[in-house]
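The structure under discussion appears below in the form of structure tokens.
We name chains A, B, ... by the order of the sequence lines, and we start the count at 1 in each one. Just so you know, these numbers come straight off a predicted model, no measurement behind them.
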Protein chains: 2
Amino acid sequence: MNQKELTQHLKQVKTLCTSQGARLTPQREQVLSLIMRSKKPLTAYELLEGMRQEDKTPAPPTVYRALEFLQEQGLIHKLESLHAFVGCNHPEHPHAGQFLICTDCGEVNEVCNHELDKSLNAVEKNQGFNLQRPVIELLGRCASCQK
Amino acid sequence: MNQKELTQHLKQVKTLCTSQGARLTPQREQVLSLIMRSKKPLTAYELLEGMRQEDKTPAPPTVYRALEFLQEQGLIHKLESLHAFVGCNHPEHPHAGQFLICTDCGEVNEVCNHELDKSLNAVEKNQGFNLQRPVIELLGRCASCQK
DNA sequence: CCTAGAATGTTATAATGTAACAATTAAAAT
DNA sequence: ATTTTAATTGTTACATTATAACATTCTAGG
Ligand SMILES: [Zn+2]
Ligand SMILES: [Zn+2]
Ligand SMILES: [Zn+2]
Ligand SMILES: [Zn+2]
């Protein structure tokens with residue numbers, strides 16, 4: 001995400017937070033901004049490093065708290081298989097993410113496949129399971145890296 | 001898994017390993033045995049603790065090596081969202097696991113849903129993605145815990 | 001202003017995972 | 001059977017990821 005897109009995104013996100021009575025403080029915004037600008041998912045400690053370059057020297061809880069907030073607001077997703085975080089491009093309606101993760105170039109692509117959703121619903125129904133948080137992370141090689 | 005089932009499972013597994021030219025050494029068998037006997041997924045350090053009760057005092061690399069071997073042989077699965085390991089009941093034909101994980105009671109249920117598989121294949125095809133390791137972990141409440 | 005709750009700062013530590021190299025053991029070759 | 005080789009295990013140290021606990025500061029609402 002480039003500077004212009006970022007500015008636009010942050011404006012949207014601020015509106016969104018305000019409407020929810022959630023406070024997108026400067027620190028939280030800084031963490032979000034670092035994540036959105038990155039081409040790759042970032043770990044908590046990479047974010048800490050990023051914050052240090054722009055700012056003072058925050059301690060781990062600072063960044064973990066910001067990450068918790070951003071997840072609650074649906075502004076970022078955590079990738080369990082990478083211990084890293086990516087921004088969400090469609091935070092306006094809450095959703096669980098489905099991710100294609102390239103193990104070669106590190107690119108992460110958030111998809112939204114309704115067939116997959118249906119299958120998950122079917123599993124839920126079959127098993128009498130109440131699904132609350134699906135973790136769908138598809139690791140492999142992206143189209144470019146196969147060439 | 002009870003003692004009788006375990007014995008039976010270990011016998012099968014030994015045959016399987018032998019046929020692959022893989023060596024299920026006593027340590028590896030001990031780790032597998034701890035995992036299969038447990039009702040809940042176990043973390044590496046819980047396994048270390050378990051090994052210490054039966055044996056000497058192994059260091060972390062010991063258990064991580066055993067876990068790596070067991071995963072390679074398809075005898076166990078790692079749950080990324082829990083940093084923990086569960087046994088596989090169908091190691092005879094290799095597969096990626098699909099898991100229902102109850103956040104109340106901790107029970108983990110490995111399912112094998114072909115609709116879900118199809119959806120994954122469709123995503124692969126649509127995106128030109130070469131899927132190598134799907135991580136499918138469905139967190140929520142199991143049927144019993146909803147009552 | 002005053003106060004209550006939210007957010008942040010700070011220190012310490014817990015939990016998870018790996019690098020590097022030495023010692024041992026088991027398989028394979030001679 | 002002995003030698004050679006590769007696989008496995010032991011050991012130490014450390015890297016990475018994450019949280020508990022408590023103090024301080026800030027902010028919104030009365
Ligand atoms: Zn999203
Ligand atoms: Zn790629
Ligand atoms: Zn399995
Ligand atoms: Zn349950």
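Listed pair B:Thr25 / D:dT9 meets the phosphate criterion, a side-chain N or O lying under 4.0 Å from OP1 or OP2. Between A:His83 and D:dA18 there is a side-chain N or O to OP1 or OP2 distance below 4.0 Å.
The 5' end of DNA chain D is approached more closely, in terms of each residue's nearest nucleotide, by B:Ala22 than by the other of B:Ala22 and B:Pro60. Annotation: of the two residues near DNA chain C, A:Ala59 and A:Phe69, the 5′-most nearest-nucleotide partner is A:Phe69.
For A:His77 and A:Phe99, the distance between ring centers is under 6.0 angstrom.
With hydrogens and angles disregarded, a donor-acceptor distance shorter than 3.5 Å links the side chain of A:Glu46 to the backbone of A:Thr43. Here the side chain of A:Thr62 pairs no donor or acceptor atom with the backbone of A:Pro58 at under 3.5 angstrom. Of the possible polar contacts, one joining the B:His95 side chain to the B:His93 backbone as a donor-acceptor pair under 3.5 Å is found.
Ion pair A:Glu54/A:Arg37 flagged as a salt bridge, since at least one NZ, NE, NH1 or NH2 atom sits closer than 4.0 Å to an Asp/Glu carboxylate oxygen. For B:Glu137 and A:Arg133, the salt-bridge test fails: no basic side-chain N is under 4.0 Å from an acidic carboxylate O. Ion pairing of A:Lys118 with A:Glu115 is present here, as a side-chain N (NZ or NE/NH1/NH2) and a carboxylate O approach within less than 4.0 Å.
Stacking between A:Tyr45 and the base of D:dT17 is present: ring centres sit under 5.5 Å apart and the planes differ by under 30 degrees.
Side-chain atoms of B:Gln146 and B:Asp104 form no donor-acceptor pair, as typed in the model, at a separation below 3.5 Å.
In this structure, B:Leu82 places its CG atom 18 Å from P of D:dT17, rounding to the nearest Å. Atom CD of B:Glu80 is separated from atom C1' of D:dT16 by 15 Å (rounded to the nearest Å). Whole-Å rounding puts the A:Leu42 CG to D:dT16 P distance at 15 Å. Straight-line distance from the OH atom of A:Tyr64 to the C1' atom of D:dT19: 9 Å, rounded to whole Å. What separates CG of B:Leu24 from P of D:dT8 is a distance of 11 Å, to the nearest Å. One can place CG of B:Leu70 at 15 Å from C1' of D:dT9, the figure rounded to the nearest angstrom.
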(message) Counting primed atoms plus P, OP1 and OP2 as sugar-phosphate and everything else as base, spell out the protein contacts along nucleotides 21-30 of chain D at 4.0 Å heavy-atom distance: B, S or - for each nucleotide, 5' to 3'.
(response) B-----S---
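At a threshold of 4.0 angstrom between heavy atoms, the contacts of A:Lys56 with the nucleic acid are absent.
Residues meeting the side-chain hydrogen bond (donor to acceptor under 3.5 Å, both in side chains) test with A:Ser38, sequence neighbours left out: none.
The span of DNA chain C lying next to chain A, judged by atoms under 4.0 Å from heavy atoms, is bounded 5' to 3' by C:dA6 to C:dT11.
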